[in-house]
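Here the structure is laid out as structure tokens; the discussion comes afterwards.
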Amino acid sequence: MTMRGSIAAPAGAHGPGGGSSLQRLVLFLSRMWAWLFLAVMVLFFVVAVPLSTGGSVNFLTIRNSQNILVAIVPVLLLGLGQTFVLIAAGIDLSVGWVMSLASVLSALALRDAFNSGAPLPVAVLAGLAAGLAGAGLVGFLNGWIIAKLKVPAFIVTLGTSFIVRGVAYLMSENSTVIGLPAGLGAYGNDALIYYISGPGGGVYFLHRPDVGGELLRRMEIILPYPVLATAFVLALTMFLLHKTQFGRHTYAIGGSMDASVRSGIPVDRHVIKVYMLSAATAGVAGFLSTLRFTAGSAVIGDSLLLSSIAAVIIGGVSMFGGAGTVIGTVIGALIIAVLTTGLVMLNVDAFWQFIVVGTVVIVAVLIDQSRDLIVGRQRRGAAQ
Amino acid sequence: MSDALLQVRNLRKSFGGLTAVDGVSLEVRRGEVVGLLGDNGAGKSTLIKCVSGVYQPDDGEIVFDGATVTFSTPMDARRHGIETIYQDLALANNLDVGANIFLGREIKKRWLGGLVHTLDDKGMERESRLTLESLQIRIPTLAEPIETLSGGQRQAVAIARAVYWEAKLMIMDEPTNNLGVPEQHKVLELIRTLRDRGVPVVLITHVLPDAFAVTDRVVVMHRGRKVAEKVTAETNTEELVQYMVGARDDDVAA
């Protein structure tokens with residue numbers, strides 16, 4: 001007996017094509033605002049950074065763009081899984097600590113495998129498997145309790161985040177797993193392309209050229225492996241959400257649980273899979289951080305949870321479920337990373353980034369809500 | 001008898017001490033629209049939920065398409081061809097028309113020898129368009145989320161979904177509720193279209209003009225019992241109201 005129809009009927013009479021051209025313009029802007037905001041912000045920093053430094057530093061350099069990409073990796077990975085969870089009208093508060101757990105587990109497995117004689121690539125794969133398995137288990141538990149025992153997602157994932165935090169600390173040695181093979185850093189930090197400009201320079205692929213001094217200073221590291229891995233996960237999630245039945249059912253469950261159940265969608269199983277996916281992307285993030293720092297860390301994901309949720313919300317995913325895109329989450333993560341990097345380059349106190357990001361999150365949701373007002377539709381989920 | 005698609009025999013359902021449906025029998029034949037009338041709390045919805053698999057009757061028998069059936073879930077009933085359209089329509093308002101018509105039964109494209117499946121949105125839209133056209137339903141755009149559609153249009157989408165999946169029997173719960181007058185007429189017209197296509201309809205309503213507009217027979221319930229069964233052309237508003245409020249009762253007389 002959700003009486004959406006009674007409210008939507010008169011408003012829907014003129015349909016999506018209706019309304020004045022001003023209304024349509026506002027609607028368009030509100031849909032595209034995140035892109036516009038990102039573009040305006042980049043422009044601002046492109047102008048402001050050289051101005052504030054007397055022209056000695058530029059914002060849009062190869063080096064800086066790569067720094068932004070590297071910085072975006074963990075937030076984006078957590079956000080990609082969270083995108084599915086939020087679209088399915090859930091929330092996953094455990095991803096930060098799941099990332100930590102995956103980092104610790106992958107470090108332990110990798111070290112053990114290597115120390116018992118496995119070649120490094122095999123040890124790395126063992127680390128990935130351990131990280132994903134540990135994360136996947138937490139995701140399964142989250143999903144199972146939410147779907148089968150009908151405990152609210154907020155409570156379940158809050159609980160598991162504490163549990164996972166404890167387990168991650170207990171399994172690590174004083175919160176850090178060290179003694180990983182030295183060659184590991186190459187996996188987490190090497191890049192697809194190295195470019196050294198000027199005399200004596202050149203382009204190198206896959207392996208870091210053995211140079212020092214002036215040449216090293218001029219070396220640009222383009223597309224590090226973790227960025228490539230993240231791009232792969234990004235492509236995969238985009239495909240999954242927008243091109244497959246899995247994605248369609250994720251939207252349906254977030255849009256109307258009732259309709260999904262009555263359409264014969266295996267809702268419980270699907271919800272479990274969604275939380276497993278969320279944990280898996282956090283697992284990849286944890287694994288990549290182990291490679292990057294050549295150590296497992298039980299605290300690495302702690303600060304990333306809220307940033308990742310912020311990215312997803314800025315990207316236009318609805319907290320009520322049923323709406324959002326993967327590319328929106330990418331934009332959201334980019335906005336946060338560009339903002340953070342730009343402010344640092346302007347020598348603004350780093351803590352200002354929190355104030356700005358927080359403001360952007362609230363404005364993002366306000367814009368989404370006003371869009372619903374403009375088209376005269378009821379806010380989704382409010383009637384459920 | 002021979003052309004009865006659905007037969008409900010002595011169906012009984014109680015919740016705790018309350019008997020919601022008290023030994024009701026009902027028959028729906030192919031090609032007819034049966035109105036199920038009664039005031040709020042008369043037991044119409046409970047009866048229909050037993051037929052559509054939401055509830056399991058405590059006693060009695062349901063014969064559908066020549067065989068005795070028991071439905072343990074709504075999906076069970078749907079698989080047999082009984083589609084029920086409730087007032088909330090069970091549509092996902094955030095998805096477009098095609099996605100809704102094919103929800104849970106999406107058309108897929110196979111890639112790499114069936115290893116990867118993707119949604120065939122174009123195919124679903126095409127099939128949806130054909131079904132809507134065959135029902136003479138006009139919807140401005142199929143590509144927008146259906147929350148932008150009017151109540152009547154969404155009702156039509158729900159009906160089109162049932163038609164596409166070849167429902168043998170359609171049960172509609174107060175379909176004209178919350179609709180503007182022109183939209184009410186469209187929905188009633190759709191019910192006639194369904195009947196003409198050979199799909200019988202059970203129309204649950206307490207709006208008598210609706211019942212007179214489209215039904216061939218009416219069954220009236222009062223406090224869980226069937227108090228009257230009439231050929232629509234042989235009764236009138238006044239008589240039906242008396243049955244609905246409990247002032248007349250054929251069951252007692254019989």
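Here the structure is a predicted model, which is why all the values come from computation and not from measurement. The analysis underlying the following values was restricted to heavy atoms, covering all of them including side chains, and did not include hydrogens, waters or symmetry mates.
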- Looking only at B:Leu103, B:Val54, B:Ile139, most heavy-atom pairs under 4.5 Å shared with chain A are made by B:Leu103

- One should read off an interatomic distance between B:Asn94 CG and A:Ser318 OG, to the nearest 0.5 angstrom, of 9.0 Å

- Tell me the residues of residues 264-280 of chain A whose non-hydrogen atoms fall below 4.5 Å from those of chain B, in number order. A:Gly264, A:Ile265

- Task: Give the minimum heavy-atom separation between A:Ala259 and B:Ala92, together with the two atoms involved.
- Result: CB-N, 3.9 Å

- Message: Do A:Gln245 and B:Leu119 make a side-chain contact, defined as non-hydrogen atoms from C-beta onward lying under 4.5 Å apart?
- Response: yes

- Task: Return yes when atom NZ of B:Lys186 has more than 12 non-hydrogen atoms of other residues, nucleotides or ligands closer than 6.0 Å, and no otherwise.
- Result: no

- Note on the structure: Applying side chain to side chain contact (heavy atoms under 4.5 Å, CB included) to B:Ile107 and not counting sequence neighbours gives B:Phe102, B:Asp120, B:Met124, B:Glu127

- A:Ser263/B:Arg161 under side chain to side chain contact (heavy atoms under 4.5 Å, CB included): CA gap, chis, key distance, verdict: CA-CA 11 Å; A:Ser263 302; B:Arg161 173 170 64 180; 3.7 Å; yes

- Toward chain B, the part of A:Phe239 with a non-hydrogen atom under 4.5 Å: side chain

- Per-residue contact mode, B:Val116 against chain A (heavy atom under 4.5 angstrom): side chain

- Message: Let me confirm one number: the CG-OG distance from B:Leu91 to A:Ser256, rounded to the nearest 0.5 Å.
- Response: 8.0 Å

- Considering only heavy atoms from C-beta outward, does the side chain of A:Arg262 approach that of B:Met75 to under 4.5 Å? no

- For B:His222, check ring-ring contact (aromatic ring centres under 6.0 Å, His included) against everything at least two apart and list the hits. none

- Task: For atom CZ of B:Arg105, decide whether the heavy atoms of other residues, nucleotides or ligands shown that lie under 6.0 angstrom number more than 12.
- Result: yes

- Task: Identify, with sequence neighbours excluded, every residue that meets side chain to side chain contact (heavy atoms under 4.5 Å, CB included) alongside A:His242.
- Result: A:Met238, A:Tyr251, A:Thr325, A:Val326

- Message: Any non-hydrogen side-chain atom of A:Arg248 less than 4.5 Å from a side-chain atom of B:Leu95?
- Response: yes

- Query: Would the number of heavy atoms belonging to other residues, nucleotides or ligands and lying under 6.0 Å from CD of B:Gln136 be above 12?
  - Reply: no

- Task: Using a cut-off of 6.0 Å, state whether more than 12 heavy atoms not belonging to A:Trp144 lie near its atom CH2.
- Result: no

- Task: Please confirm whether the backbone N or O of B:Ala90 pairs with a side-chain atom of A:Asp258, one donor and one acceptor, at under 3.5 Å?
- Result: no

- Under 4.5 Å heavy-atom distance to chain A, tell me which part of B:Arg78 shows up: side chain, backbone, both or neither. side chain

